[in-house]
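The chains referred to below are lettered A, B, ... by the order of the sequence lines, with proteins before strands, and numbering in each begins at 1. Note that the structure is predicted; figures quoted are calculated from it, not measured.
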Amino acid sequence: MPTVIKVENISKQYRLGNVGTGSLSHDINRTWHRMRGKEDPYLKIGEANNRAVKGNSEYVWALQDINFEVKQGEVLGIIGRNGAGKSTLLKILSRTTTPTTGQIKIKGRVASLLEVGTGFHPELTGRENIYLNGAILGMTKAEIKSKFDEIVDFAGVERYIDTPVKRYSSGMYVRLAFGVAAHLEPEILIVDEVLAVGDAEFQKKALGKMKDVSAKDGRTVLFVSHNMPAIKRLCSHGILLENGNITLNTDINTIVEHYLNYDKSEDCIPEAFFENSGKVLQVQSCQLLDQNLKLVTKYYDVNDKIILKVRYRFLEKIPRVNLTVIIYNSELETVYFLDRRDYYQQYAAVEAGEYESLIEIPNPLLKPGKYSVTIGCGNIENGEQDHKFYVLSFIISNVNLVRATRDGYLFLPLKWDLNIL
Amino acid sequence: MQEQDNRMEENWDQVIVPKGKLLDLNLKEVWRYRDLLWLFVKRDFVAQYKQTILGPVWHFIQPIFTTLMFLFIFGKIANIPTDGIAAIPFYMSGITIWNYFSACLTATSATFVANAGIFGKVYFPRLVLPLSTVMSNIIKFGIQFLLLLSVMIYYGFKTGHFHFGISWLLIPLLVLMMAGMGLGLGIIISSLTTKYRDFTVLLGFAVQLLMYATPVAYPLSFLKDKSYAAWVAWNPLSPIVESFRYALFGTGTLDVAGLLYSGGFILVALFFGALLFNKVERTFMDTV
């Protein structure tokens with residue numbers, strides 16, 4: 001099979017902090033160097049991008065000397081922790097930004113499913129939006145026309161096709177947007193997991209479509225995900241990104257195994273703080289506390305209460321916010337998916353400001369072992385979201401109990417009557 | 001097989017590199033996206049009038065009120081002559097062509113900042129957006145031009161003097177020049193604003209000041225023998241506005257040298273605009 005993507009020595013440098021007089025002086029200095037035919041002085045500095053460690057340099061390398069090739073029809077999994085450089089790599093591949101150094105050669109049209117609904121205008125009708133969105137994604141009018149009925153059918157919105165999309169339910173809106181993207185038929189498809197945090201039906205459709213695309217039509221897919229079972233199922237080959245470098249480029253099973261071990265090597269991570277990213281809604285910080293509301297030091301006992309303290313920051317009033325916490329076991333299988341709506345039967349409404357939640361997970365419930373936690377929030381109205389994947393991890397210990405060695409996911413011992421009749 | 005693979009591998013559809021050629025406008029790609037260009041124009045037009053009762057009629061309001069304002073301040077208070085043209089069509093003609101320029105400039109100068117959401121997610125030739133703005137503003141210009149025509153016809157009946165001649169053929173060229181000027185300067189400003197927003201603030205009053213340095217509310221002939229006449233004459237917008245009036249009313253003379261000067265200025269602005277735009281569009285997502 002011929003190579004359809006060839007990535008050669010790609011690096012990407014970002015400048016941290018604010019744009020102001022400081023950046024102006026750097027710009028002037030850079031231009032001055034270039035005018036004299038010298039190299040950019042800021043390219044020599046910069047540090048590997050490790051969020052956890054506070055660096056000295058204003059410049060970081062989000063990607064450093066990335067090299068890989070993708071063959072036609074291959075499904076390549078791209079794996080890495082938050083901030084490892086996956087999104088930057090995708091941005092460069094989908095041409096929304098350029099690399100600082102290196103080059104990428106591509107054969108065929110590239111489209112990415114992270115573009116779902118881009119350019120939808122609320123005042124335009126479904127019909128008008130299909131045409132506009134299709135054209136933004138690179139289709140010609142004739143191509144869209146030939147697929148129009150299929151898209152409407154797929155989305156199931158015949159009745160509303162001449163109604164402005166602002167009158168659509170959020171489900172209809174997403175289905176229509178995905179319908180357009182799914183009928184794009186690019187030679188190379190980029191799928192970011194971000195789409196997988198939509199509703200379950202949408203997720204299934206997206207993954208199903210992906211499988212079709214590679215198996216039936218011999219198209220190439222780049223799949224970015226934290227969902228290890230899905231990665232293993234769909235991909236044959238993978239690359240592992242760590243702090244902007246490719247640390248492994250081999251078959252998918254080795255990659256996943258390595259990723260999980262890499263994950264295990266870290267001890268309990270009881271807290272995480274995030275800088276203001278400017279997003280309208282953000283997870284600001286999260287901490288694992290014990291029953292006295294002290295930060296957990298080493299591990300929980302199976303009988304200890306686990307208290308999760310999460311702070312959110314909302315820059316605007318949002319009428320419907322979805323808050324979730326996902327707990328995974330050491331195999332990264334979802335053990336417990338918590339959605340605030342499950343208890344209250346409705347989404348939260350928030351004003352601009354900072355909010356705090358104390359989420360108490362009663363124990364004994366989880367088995368001894370290592371768990372990691374993903375924290376997220378999303379705006380139901382427009383799909384905007386902020387997810388911090390695997391930011392916390394904790395260990396539940398107490399190996400003395402026989403129960404701990406039993407198979408299964410739950411610890412919870414229960415009362416078991418046995419009455420003689 | 002291996003050989004064939006190798007041969008195929010040389011045929012790349014696209015190569016992503018850090019810096020493109022200095023002037024790599026990729027007009028071929030813009031042409032490929034012409035449907036998108038048209039759909040953006042349609043979107044701008046349709047979305048603007050949704051949920052309004054008067055719809056496009058709103059475009060009449062602004063030139064009418066500005067004309068009345070000019071009539072009062074420049075005509076009555078300052079007593080500035082209007083080159084032998086009735087005052088109302090005189091002011092309105094200046095305002096109509098000026099509005100087109102300022103709308104093009106203001107809208108295209110916001111290209112990057114206003115569309116960061118779309119640009120950050122999907123690639124298409126960025127030039128499509130400013131081009132579509134210039135095109136959708138032609139519709140607004142057309143509506144205001146119709147208003148101007150009806151005012152001119154009214155005055156024609158009143159005075160019994162109509163001017164309709166070969167000079168009208170100049171009008172499309174002049175509109176095109178205004179479009180080029182608005183687009184050229186607009187994309188220069190849009191490129192500068194991605195990193196430093198100072199220019200957005202500057203633009204607001206720069207457009208206003210520029211209007212007073214252009215013979216919109218007064219004729220160029222009024223400035224004869226004045227020490228500051230040179231300033232207005234050097235303004236590349238002046239010949240266009242003056243020629244627009246010449247084309248419509250047939251008074252005064254056609255300043256061919258002035259128009260050539262404006263044309264040259266437009267080409268330079270478009271060239272530098274394209275140069276900057278091309279450089280900025282590649283990385284603006286990192287700084288916007």
Measuring only between side-chain heavy atoms, which start at C-beta, is Phe40(B) closer than 4.5 Å to Leu132(A)? yes
State, with a plain yes or no, whether a side-chain heavy atom of Ile136(A) is found less than 4.5 Å away from one of Leu36(B). yes
Does [X] have more than 12 heavy atoms from other residues, nucleotides or ligands lying within 6.0 Å of its [atom1]?
X         : atom1 : answer
Tyr160(A) : OH    : no
Phe272(B) : CZ    : no
Lys145(A) : NZ    : no
Lys279(A) : NZ    : yes

Between CG on residue Asp13(B) and CD1 on residue Ile188(A), distance to nearest 0.5 Å: 8.0 Å
Going from CD1 on Ile118(B) to OG1 on Thr96(A), what distance comes out if it is rounded to the nearest 0.5 angstrom? 13.0 Å
Comparing Arg32(B), Arg43(B), Arg34(B) against chain A, the one with the most heavy-atom pairs below 4.5 Å turns out to be Arg43(B)
Heavy-atom closest contact ([X] atom, [Y] atom, distance):
X         : Y        : result
Leu124(A) : Ala47(B) : CD2-N, 4.4 Å
Arg126(B) : Arg95(A) : NH2-O, 4.2 Å
Lys141(A) : Asp35(B) : N-OD2, 2.7 Å

Please classify the contact between Ile10(A) and chain B as side chain, backbone, both or neither, with a heavy-atom cut-off of under 4.5 Å. neither
Quick check for you: among Glu187(A), Met139(A), Lys91(A), Lys12(A), which has the greatest number of heavy-atom pairs under 4.5 Å with chain B? Lys12(A)
Heavy-atom distance under 4.5 Å to chain A: side chain of Phe119(B), backbone, both or neither? backbone
Qualifying residue for side-chain contact (heavy atoms from CB on, under 4.5 Å) with Ile16(B), from Val7(A), Ile104(A), Val110(A): Ile104(A)
